[in-house]
Amino acid sequence: MPDWLTLYYNEPIEIVGGKGCRVVDASGKSYLDFFAGILTNMIGYDVPEVREAVERQLATGVVHTSTVYLLRGQIELAEKIARLSGIEDAKVFFTNSGTEANEAALLLATYARRSDQVLAMRQSYHGRSFGTAGVTGNRSWRNNSLSPLNVHFLHGTDRHLPQFRGMSDAEYIAACVEDLRHVLATAAGGDVAALIAEPVQGVGGFTMAPDGLFAAYKEVLDAEGILFVSDEVQTGWGRTGSAFFGIRNHGVTPDMMTFAKGLGNGFAVGGVVARGDLMDAPHATGLSTFGGNPVSMAAANATLDYVLDHDLQANAARTGALIIDGLREAAPRLPIVGDVRGKGLMFAVELIDPATGAPSPELAAAFMEESRKAGLLVGKGGLHGNVLRMAPPLTLTTEEAAEGLGIVVAALETVNAQVAP
Ligand SMILES: Cc1ncc(COP(=O)(O)O)c(C=O)c1O
């Protein structure tokens, strides 16, 4: 297998069992899971409603038919997602992954606008294919500049840069909007198809634009007919607590949203929900062989119903606030903590060298080992690999939130004591 498929931890963990928000490794050690298979085990492990829905489908003997036959599960799920999206006359196309979902959205946008120009955000991540790597603005996830698209990268998620430091949200938003206008007036050649953006950047280390930035961008985009695609692969389904789709934190309804990861609670499902006129426009026939297969549809319908029936968005807001507030309270006495940020059950701690203020991937690695020892799984990310990313299942209880927070703070204290005694 490729060298670039990296494993966490000095001694990799093999997860062999799971229940609720906990997993067990091959040695029998149990962990509270604050990363959930990269936000994908969205409602936790071994959820009876999901397991039974999948088992019912397996019992029919049919795990695949292809989309040339009617797939009831697809229609049911598409109708739910279209309704939840708030997008006008929405239609849904199912894929197997976030990468494919973004490819589909880019195809729709470039086709509708007859343009190969796309705007994307710096530090973004949208997938590993030719097109989605092209709109990825994070060097550690890009091997070269080859791209089927002409891409201009915008500010908006980089207010740590010296030129923006000290600005209020309003001032930063104004500066970014001016930059967007300038890019359109100077760098773009003719019509631009779309802006694609993550409301909270996942791989980028949960960096995010201040609320309101995308609404301000959208005014400029609308004036030129430029479409807006929100990549909700990490931020969808109530994860941010304050909104069901991350982009709603900005008061924006986009022209399209893409999704994947959590929707199937581990079963492979992705897709794009788009304005009907955009979705229907391409003249060529299209399909995805495995996209929206009966098994993943059974899992996804059960997962989405569970999220809605249990109002997990409210739970994300409640338990997320408990953890984020706790982290913010601890940060001032921990010089290794450069920043605490997040929304709902999507939060991060950025680690820095206390002497220089430089990003410290070494301290992040030390934290990973400490938290592992204490029985907590977290993720890592950011441009420099120095950001601890955490996104537990949306079913996290208040007790589990307090337990996880305690482990994170204790591990930060241990690492802090090693470098800043
Ligand atoms: C925001 C975002 N978009 C797209 C993708 C790609 O999804 P996949 O790995 O399912 O292709 C990811 C994966 O991490 C992501 O975080």
Side-chain angles (χ1 to χ4, degrees), residues 2 4-6 8 35-42 93-107 109 118-138 140-143 147 149 151 153 156-157 194-209 214 228-237 239-240 243 245-247 249 254 256-273 288 290-293 296 299-300 303 342-348 378-383 385 387 389-391:
W4 40 263
L5 268 181
T6 53
Y8 279 166
F35 205 36
I38 320 185
L39 294 82
T40 302
N41 300 309
M42 181 170 71
F93 175 67
F94 291 109
T95 66
N96 302 284
S97 68
T99 296
E100 274 182 82
N102 284 330
E103 283 288 343
L106 292 167
L107 171 88
V118 174
L119 304 168
M121 307 299 288
R122 296 177 189 198
Q123 302 171 186
S124 58
Y125 178 78
H126 296 290
R128 57 173 168 69
S129 63
F130 206 33
T132 56
V135 290
T136 288
N138 183 332
S140 35
W141 292 84
R142 266 189 97 154
N143 291 299
S147 168
L149 301 163
V151 184
F153 288 96
T157 48
L195 165 65
I196 183 165
E198 299 155 90
V200 179
Q201 294 186 326
V203 166
F206 294 178
T207 38
M208 67 188 104
F214 288 117
F228 185 45
V229 181
S230 182
D231 179 337
E232 298 280 347
V233 167
Q234 297 214 6
T235 48
W237 325 115
R239 166 72 55 192
T240 63
F245 291 104
I247 199 61
N249 289 300
M256 300 183 217
M257 292 191 285
T258 56
F259 54 86
K261 287 204 189 289
L263 180 61
N265 206 40
F267 286 86
V269 52
V272 52
V273 51
S288 166
F290 292 118
N293 69 77
S296 63
T303 303
K343 266 191 198 306
L345 283 177
M346 196 171 179
F347 45 89
V378 306
K380 232 176 12 166
L383 275 185
V387 180
R389 289 194 286 156
M390 289 164 272

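In listed order, ligands and their atoms are each counted from 1.
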Exercise for the section: For the pair Gln234 (side chain) and Leu39 (backbone), establish whether a donor and an acceptor sit closer than 3.5 Å, ignoring hydrogens and angles. Expected result: no
Exercise for the section: For atom CZ of Phe290, decide whether the heavy atoms of other residues, nucleotides or ligands shown that lie under 6.0 angstrom number more than 12. Expected result: no
Problem - For atom 11 (O) of ligand 1, the protein heavy atom that lies nearest, with its residue and separation - result: Thr99 OG1, 2.5 Å
Completion exercise
One finds that the ligand 1 atoms under 4.0 Å from a non-hydrogen atom of Gly98 are 6 (C), 7 (O), 8 (P), 10 (O), 11 (O)
Problem - Close-contact set for ligand 1 against Ser97 heavy atoms, below 4.0 Å - result: 10 (O), 11 (O)
Problem - Close approach, Gly202 and ligand 1, non-hydrogen under 4.0 angstrom - result: no
Problem - Part of Thr258 with heavy atoms under 4.0 Å of ligand 1, whether side chain, backbone, both or neither - result: neither
Problem - Shortest reach to atom 5 (C) of ligand 1 by a heavy atom, considering only Trp141, Tyr125, Phe259 - result: Tyr125
Problem - Sub-3.5 Å N/O-N/O distance, Glu198 and ligand 1 - result: no
Practice task
Could you tell me whether the side chains of Thr207 and Gln201 share a donor-acceptor contact shorter than 3.5 Å?
Solution key: yes
Fill in the blank from the handout: Taking every heavy atom of Ala105 against every heavy atom of Thr258, the minimum-distance pair comes out as CB-CG2, 3.6 Å
Exercise for the section: For His126, take its heavy atoms, then give the atoms of ligand 1 lying under 4.0 Å from any of them. Expected result: 3 (N), 4 (C)
Practice task
Do me a favour and list the nearest non-hydrogen protein atom to atom 3 (N) of ligand 1 with residue, atom name and distance?
Solution key: Asp231 OD2, 2.7 Å
Exercise for the section: Spell out, as yes or no, whether a donor-acceptor pair under 3.5 Å connects the side chain of Arg122 to the backbone of Thr157. Expected result: no
Exercise for the section: State whether the side chain of Arg142 and the backbone N or O of Thr136 hold a donor-acceptor pair below 3.5 Å, judged by distance alone. Expected result: yes
Practice task
Determine the minimum heavy-atom distance between Asn96 and Gly291, stating which atoms define it.
Solution key: OD1-N, 3.4 Å
Exercise for the section: Could you check if a side-chain atom of Ile247 sits within less than 4.5 angstrom of a side-chain atom of Phe228, using non-hydrogen atoms only? Expected result: yes
Problem - Taking every non-hydrogen atom, the tightest pair across Ser97 and Ala260 - result: C-CB, 3.8 Å
Handout entry: Polar proximity ligand 1 side, Gly127 side, N/O cut 3.5 Å exclusive
Key = no
Handout entry: For atom 16 (O) of ligand 1, closest protein heavy-atom neighbour
Key = Gln234 NE2, 2.8 Å
Fill in the blank from the handout: In ligand 1, the atoms that come under 4.0 Å of a heavy atom of Asn102 are 3 (N), 4 (C)
Exercise for the section: Give a yes/no on ligand 1: does Lys261 have at least one heavy atom closer than 4.0 angstrom to it? Expected result: yes
